[in-house]
Amino acid sequence: MAAPAQTFCNLNAFENVSWGRGQVPNGNAVRKRYILIKQRSSKPTLNNSNRPKIRSSLVSPHDLSVTRTLCSYVDSGCMHKAMALFEIAKNPDPFLWNIMIRGYTDNGFYEEVIEIYYRMQFARVRADNFTFPFLIKSCAALSSCVEGLKVHSRLIKIGLDSDIFICNSLIVMYAKFGYIECAERLFEEMPMTDLVSWNCMISGYISVGDGRMSLLCFQEMQALGFYPDRFGIISALAACSLENNTQRGKEIHCYVVKCMHEMNLMVQTSLIDMYCKCGGLDMAERLFDRIYSRNVVTWNAMIGGYARNTHPLKALSSLMKMQDADNMKPDVITMVNSLPACAQLEGLLYGKSIHGFAIRQGFLPHLVLETSLLDMYGSCGKPKLAERVFYLMNDRNLTSWNAMAGAYAHNGWNIEALKLFKDLQKSFLKPDAVTVTSILPAYAELASLREGRQIHGYITKLEYGLNTFVSNSIIYMNAKCGDLCTAREVFDSVASKDVISWNTIIMAYAIHGCGIIALELFSEMQEKGFEPNRSTFVSVLSSCSIAGLVDEGWEYFNSMKRDYNIDPGIEHYGCMVDLLGRIGNLEAAKRFIKEMPLVPTARIWGSLLTASRNHGNIELAEFASEQILRLEHSNVGCYILLANMYAEAGRWEDVERLKSLMEEEGLQKTIGYSMVELKSRTCCFVDGDRSHSETNTIYDVLDVVLRQIGEHNYISSASRFSAVDYRKKKIGLPGYHSVRLAICFGLISTAVGTPILLRNNVRMCKDCHGAAKLISKVTRREIIVGDARIYHYFRDGYCSCGDYW
DNA sequence: TTAGGGTTAG
């Protein structure tokens, strides 16, 4: 792809940009300011320093030239000069005060509007019908509900609450506060309404996100004989976007042509935006190409439209064109609209380039832009950079917290995601449905069943469980935490199931080894009219692979293109390598990888490595590991798995060699732990753990159990080496692995005959898997172990996985 | 001198 415009590609320049002063913040919310923050333009103050030299003969408020000069200052945005002149005017009349208030409003100095209004009252100058619309607008812009209500009370008191200009302003203000019922009541009680009043209501509904009511209002207005002007049209088009109502949008487009509003740039931009948001990108492009003179808003709408419709290259190419062909300078919103394109392309360099440009232009700090940046970094696989942006933000709202949680979750930074969620709960913000959808995958990966049930209860209480997205996440979380029954109950209770609900429940049964039920559900989803997608086939093929349904797996794989016109992706090929590996056809699996039409990933070679481990083929394991490490230098799992195979084969030199290599690479073995669920608590063990208060009892029970299963002093069935060998080589004794400690603790802490439920953060080792089978037999207890991939149900000396995982 | 409008984040 060609590089974007020069402006955005000066990556070296970006690298030279400092992020902030001092240390990079860690997990705590240490706020640092950007060094390159552009100084905010100073607001004109009410004190009269730096006055321009104005002769005192000019200062009579009745002098027309004073009024003219003041107006010219205000109109040209020179509020400092305007204030200086105003300050020396003797006893300014309401007209001059209003000019000043208008100036501050028009130039966006809303706080100053409130300030000067109070000063006006202090000076006993009566605010009139001209003053209040500006004041109300400022209250709305500042989201200052208290001031707004005070103003409204004052209006009632002085009898100005029926003025049509004031009422229209109040409607907009209340809608912006989110109090649409107040706006509606005001509208209904107005003695007289005009076209502007209707427009205020139409846009008011947009403010609260109610496109349906906005369109109804637009319709009712016409039924009463009003002809929509460009203001109403623009709001109605926004309503069509909210409702995704292309048909209505097209009708309004026809009206625009008929009534000759077609040449208005704002109307044109609104049409482009509506078509982009309603999936009519071709039409939006045609309209855009026809515009003779575009402004930055038009470009932004088109760039955002391309990004929204997943055309990231077109979005970035438009970004270049707007600068090169139209000589247009991007603004903050251009940046915000372009960043999703970088995220979709996972184009870190483009994203960084935009970040650098934004800093150089002084666009930061900016809440929305910063949120877009951290989202981009998360999508580009750089959660650490996202974290940097997040902790440097001056202001954060729920969207930014959610984006940060999403960035962690997207990259599997589950511990950080859970910590962030806990910090959010301590803040004044209330998590919403998006928060819980982002956070539930982290719970699914890390949480105990107890914690899973707690978050499930929390979500139910907040009633976010009614949302299908949230429900789908709850289904998966319950299944991953070991409660398949609840996962099914939640699935059955989802009123509006979507294809993701079905994919999730199929995968839930798959990870619990219930392949047949998973496939029955796949048939049921189709009978109910749901069209399978790519993810469905990942669930289906995983079901076949985990349950060892080889023939069925091939049949579904072949049917993807044939019956559903879905080209198998790398994830589907991965499932097939698992399947071939499972039946021990390792050469076929290797050949399959070499012949597949896609470039193998580390995940694909990982499947071959697992198969080699399960079938004891050390040469193939070495080959697969080589391929993995070529692609991912720091794949710890690969090192560990191969080292374990060498240890089992007694190749201690190779074990040492791998250990050295890991040290050189600075890699550390993931610390394995096992959580055991009790009735009232969860206990966690690591290998050789002696921290538990009942350690002595646990180790005594372990000793007895190991004797019963014939592994006392440990001689592995899969190994020719004794405990002494393991100790010499400083390798953890499998006899004291966390899984066994957790099982023994479960045995002494739960009622006889009840199942013992464990969660393991890494895959079970071969020794512990064998031991768990035997323990289930001698103790006559069902032992359920969820490892990093699947759930193992150990009963009477057998495991549901069929000894393949 | 007064009201309403287009492009922004999870």
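Lettering follows sequence order; numbering is per chain, from 1.
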Might you point out which heavy atoms bring [X] and [Y] nearest each other, and give the distance in Å?
X	Y	answer
A:Cys276	A:Asn309	O-ND2, 3.1 Å
A:Asn295	A:Met328	CA-CE, 3.8 Å
A:Ala386	A:Ala407	CB-CB, 4.1 Å

Nearest whole Å is fine: how far is [N] [atom2] from [X] [atom1]?
X	N	atom1	atom2	answer
A:Asp375	B:dA9	CG	P	10 Å
A:Arg294	B:dG6	CZ	C1'	16 Å
A:Met221	B:dG5	CE	C1'	13 Å
A:Ile272	B:dT8	CD1	P	12 Å
A:Arg102	B:dT1	CZ	P	7 Å
A:Ile291	B:dT7	CD1	P	14 Å
A:Asp106	B:dA3	CG	C1'	13 Å
A:Asp229	B:dG6	CG	P	13 Å

At 4.0 Å (heavy atoms only), tell me whether [X] reaches a base, stays on the sugar-phosphate, or touches nothing.
X	result
A:Asn295	base
A:Asn337	sugar-phosphate
A:Asn98	base
A:Ser197	nothing
A:Asp331	nothing
A:Ile233	nothing
A:Phe95	base

From the list [options], which nucleotide is the closest neighbour of the side chain of [X]?
X	options	value
A:Pro133	B:dA9, B:dG6, B:dT2	B:dT2
A:Val196	B:dA9, B:dG6, B:dA3	B:dA3
A:Arg308	B:dT2, B:dG6, B:dT8	B:dT8
A:Phe130	B:dT1, B:dG6, B:dA3	B:dT1
A:Asn300	B:dG5, B:dT7, B:dT1	B:dT7
A:Lys277	B:dT7, B:dG6, B:dA3	B:dT7
A:Thr298	B:dT2, B:dT7, B:dG6	B:dG6
A:Arg230	B:dT2, B:dG5, B:dA3	B:dG5
A:Leu265	B:dG5, B:dA9, B:dG6	B:dG6
A:Phe231	B:dT2, B:dG5, B:dT7	B:dG5

Is there a side-chain polar atom (N or O) of A:Arg396 under 4.0 Å from OP1 or OP2 of B:dA9?
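No.
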Could you tell me whether the phosphate oxygens of B:dA3, OP1 or OP2, come under 4.0 Å of any side-chain nitrogen or oxygen in A:Lys176?
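For A:Lys176, the contact criterion (side-chain N or O under 4.0 Å from OP1 or OP2 of B:dA3) is not met.
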Under 5.5 Å and under 30°: A:Phe165 stacked on B:dT2
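Stacked: centres under 5.5 Å apart, planes under 30°.
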Return yes if the base of [N] and the side-chain atoms of [X] contain a donor-acceptor N/O pair under 3.5 Å, otherwise no.
X	N	value
A:Ser270	B:dG6	no
A:Thr371	B:dA9	yes
A:Asp163	B:dA3	no

Could you check whether any side-chain heavy atom of A:Met322 comes within less than 4.5 Å of a side-chain heavy atom of A:Ile303, counting everything from C-beta outward?
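Contact flag for A:Met322/A:Ile303 side chains = yes.
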Student check: side-chain heavy atoms of A:Trp401 and A:Phe421 closer than 4.5 Å:
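Of all side-chain heavy-atom pairs linking A:Phe421 with A:Trp401, none is under 4.5 Å.
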Got a salt bridge between A:Asp106 and A:Lys137, using NZ or NE/NH1/NH2 to carboxylate O under 4.0 Å?
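Salt bridge: no.
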Between A:Lys419 and A:Asp423, does at least one N-O distance fall below 4.0 Å, as a salt bridge requires?
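Here A:Lys419 pairs with A:Asp423 in a salt bridge, since their nearest N and O are under 4.0 Å apart.
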